[in-house]
> 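My questions all concern the structure below.
Both backbone and side-chain heavy atoms feed into the values below; hydrogens, waters and symmetry mates do not. For the single chain, residues carry numbers from 1 onward in sequence order.
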Amino acid sequence: MLSVFNLVLPFFGLIFLGFLVARISRQPLEALGWMNVFIVYVALPALFFQILSKTPVAELTQWAFIIGCTASTLCVFLVMFGFAFFRTRKIDESTIQGLAAAYGNIGYMGPGLAIMAFGAPAAVPVALIFCFDNTLHFVMAPLMMALSGNDKRRPRDLAVSVLKKIFLHPFIIATILGVAAAIAGFEPPVSIDKLIDLLAKAAAPCALFAMGVTLALRPLKRVPQELYLIVPVKLVFQPLLIYAILHLAGDFPPVWVYTAMLLAALPTATNVFVIAQQYGVWVERASSSILATTLFSVVTLTLWLYLMTHGLIP
């Protein structure tokens, strides 16, 4: 158990440091702007390019794995959406609740934690899950908001916007370039390779620190009753579901299954708050979902990692 604590606590320690510094310094949330730009447009894309460009091409075409993981994420979204819609009869609020239960922090926390836990073989499933899960969310959010009447754009404008979000997102561009480099066998010059490596190593610390700052500046003002369902669905049900689906979808290496479970067990992504704010729906409670799942994930992630690293999950 000590080895698991040693693995998990540095990650949550960085989040706590960001939280603490934000409480002490009292800087406005807007002061985080350039760090977020660095993380989203430079550091994390460098990490994904580095991972994928050095991956054997055969490992990048595991379609059964991709479909299984994406299907499990969609199932969680639909389950939570269904519960929420049964209660509220509001598509827009139900969409944000569905995203809060299904959209994990796979960008900020996923790569560093998975690679530290399971080694370099975890890099490829991380990149595949990240690419296709994000594509799913980029499509689902505007589509559901359009159905709710919250997004007034014409279908053509909506479709163009979705395609832009998918293909112009820095992470997706980095993924495409990384796959192209792997296919072509391209190796960047030594100086460029060192720069990419430096940026990639900065991704996780900066992202986790920024996440802590964000949580500090969006405090939990009240506990919405929806959290009593969102927290267990996100942190317990989703990793169990992805485990079951992957065992039905094919025979994958244990590292790939564990990596998928780990990413499924991550707390709600901060992007859910961004989407809620963009549409003016369920904003405060989206922030509460992020904070609550992050706090509870200290316990649940530790338990999941203990079970995986000690071979207690077949």
> Do Asn105 and Tyr108 make a side-chain contact, defined as non-hydrogen atoms from C-beta onward lying under 4.5 Å apart?
yes
> Are any side-chain N or O atoms of Ser287 and backbone N or O atoms of Val283, one a donor and one an acceptor, separated by less than 3.5 Å?
no
> Should the pair His247 and Tyr243 be assigned to parallel (<30°), tilted (30 to 60°) or perpendicular (>60°) ring geometry?
tilted
> Report yes if some heavy atom in the side chain of Cys75 is under 4.5 Å from a heavy atom in the side chain of Leu241; otherwise report no.
yes
> What closest approach, in Å, do Cys69 and Asp133 show between heavy atoms, and which atom pair accounts for it?
O-OD1, 4.3 Å
> Working note: Lys194 + Asp197, criterion salt bridge (Lys or Arg N to Asp or Glu O under 4.0 Å); need CA distance, chi angles, decisive distance, verdict.
CA-CA 5 Å; Lys194 288 183 177 179; Asp197 186 59; over 6 Å; no
> Which heavy atom in Ala84 sits nearest to a heavy atom in Ser94, and how many Å separate them?
C-OG, 3.4 Å
> Got a second to check how far Ser72's OG is from Ile67's CD1, nearest 0.5 Å?
12.0 Å
> With side-chain contact (heavy atoms from CB on, under 4.5 Å) as the test, would you mind laying out the steps for Ser53 and Phe186 before giving the verdict?
CA-CA 8 Å; Ser53 64; Phe186 171 76; over 6 Å; no
> Locate the shortest heavy-atom distance separating Val231 from Ala292; write the atom from each residue and the value.
CG2-CB, 4.2 Å
> Nearest 0.5 angstrom please: Glu59 CD to Trp256 CH2, how far?
5.5 Å
> Looking at Phe296, I'd like to know if its CZ atom is crowded, meaning that more than 12 non-hydrogen atoms belonging to other residues, nucleotides or ligands lie closer than 6.0 Å.
no
> Let me confirm one number: the CG-OG1 distance from Leu227 to Thr293, rounded to the nearest 0.5 Å.
8.5 Å
> Is Leu78 reachable from Met145 through a run of I, L, V, M, F, W or Y residues, each pair having side-chain heavy atoms under 4.5 Å apart?
yes
> For His169, is there any backbone N or O sitting under 3.5 Å from a side-chain donor or acceptor partner on Lys164?
no
> Taking all non-hydrogen atoms of both residues into account, name the closest pair between Met211 and Ile15 and its distance.
SD-CD1, 4.0 Å
> Would Tyr103 and Asn134 count as having a side-chain donor-acceptor pair, cut-off 3.5 Å?
yes
> If you define the side chain from C-beta out and look only at heavy atoms, does anything of Leu262 sit under 4.5 Å from Phe118?
yes
> Within a strict 4.5 Å, meaning less than it, do heavy atoms of the Leu199 and Leu47 side chains meet?
no
> With side chains defined as the heavy atoms from C-beta onward, is the minimum distance between Thr73 and Phe132 less than 4.5 Å?
no
> Is it the case that atom CG in Asn6 sees more than 12 heavy atoms from other parts of the structure closer than 6.0 Å?
yes
> Is there a chain of hydrophobic side chains (I, L, V, M, F, W, Y, each step under 4.5 Å between heavy atoms) that links Ile51 to Val42?
yes
> Start with the C-alpha distance between His137 and Ile275, add both sets of side-chain angles, then the distance that settles side-chain contact (heavy atoms from CB on, under 4.5 Å), and finish with yes or no.
CA-CA 10 Å; His137 294 123; Ile275 295 169; 5.7 Å; no
> Quick one: are Trp34 and Val37 in side-chain contact, heavy atoms under 4.5 Å?
yes
> Thr214 side chain to Ala210 main-chain N or O, any donor-acceptor pair under 3.5 Å?
yes
> Let me confirm one number: the CD-CZ distance from Gln97 to Arg87, rounded to the nearest 0.5 Å.
6.5 Å
> Taking Thr268 for the side chain and Ala100 for the main chain, is one N or O donor matched with an acceptor at less than 3.5 Å?
yes
> Can you give me the closest heavy-atom contact between Ala202 and Pro205, atom names plus distance?
O-CD, 3.5 Å
> Could you give the distance from CD1 (Ile129) to CD1 (Ile242), rounded to the nearest 0.5 Å?
5.5 Å
> Do Trp304 side-chain atoms and Leu266 backbone N/O form a donor-acceptor pair below 3.5 Å?
no
> Do Ser289 and Val272 come within less than 4.5 Å of each other through their side chains, counting heavy atoms only?
no
> Which residues end up grouped with Ile196 if you chain together Ile, Leu, Val, Met, Phe, Trp and Tyr wherever their side-chain heavy atoms are less than 4.5 Å apart?
Phe49, Ile173, Leu177, Ile192
> What about Phe16 and Leu29, same hydrophobic cluster or not, with Ile/Leu/Val/Met/Phe/Trp/Tyr joined at side-chain heavy-atom distances under 4.5 Å?
no
> Any heavy-atom pair between the side chains of Leu229 and Phe83 that's under 4.5 Å?
yes
> For residues Ile66 and Val57: do they belong to one hydrophobic cluster (side chain heavy atoms under 4.5 Å, members Ile, Leu, Val, Met, Phe, Trp, Tyr)?
yes
> Please report the interatomic distance CG(Leu99) to NZ(Lys234), rounded to the nearest 0.5 Å.
11.5 Å
> Hey, does the side chain of Tyr258 reach the backbone of Ile313 with a donor-acceptor pair shorter than 3.5 angstrom?
yes
> For Gly104 and Ala269, work out which heavy atoms get closest and say how close.
O-CB, 3.4 Å
> In terms of hydrophobic clusters joined by side-chain contacts under 4.5 Å, are Val299 and Met109 together?
no
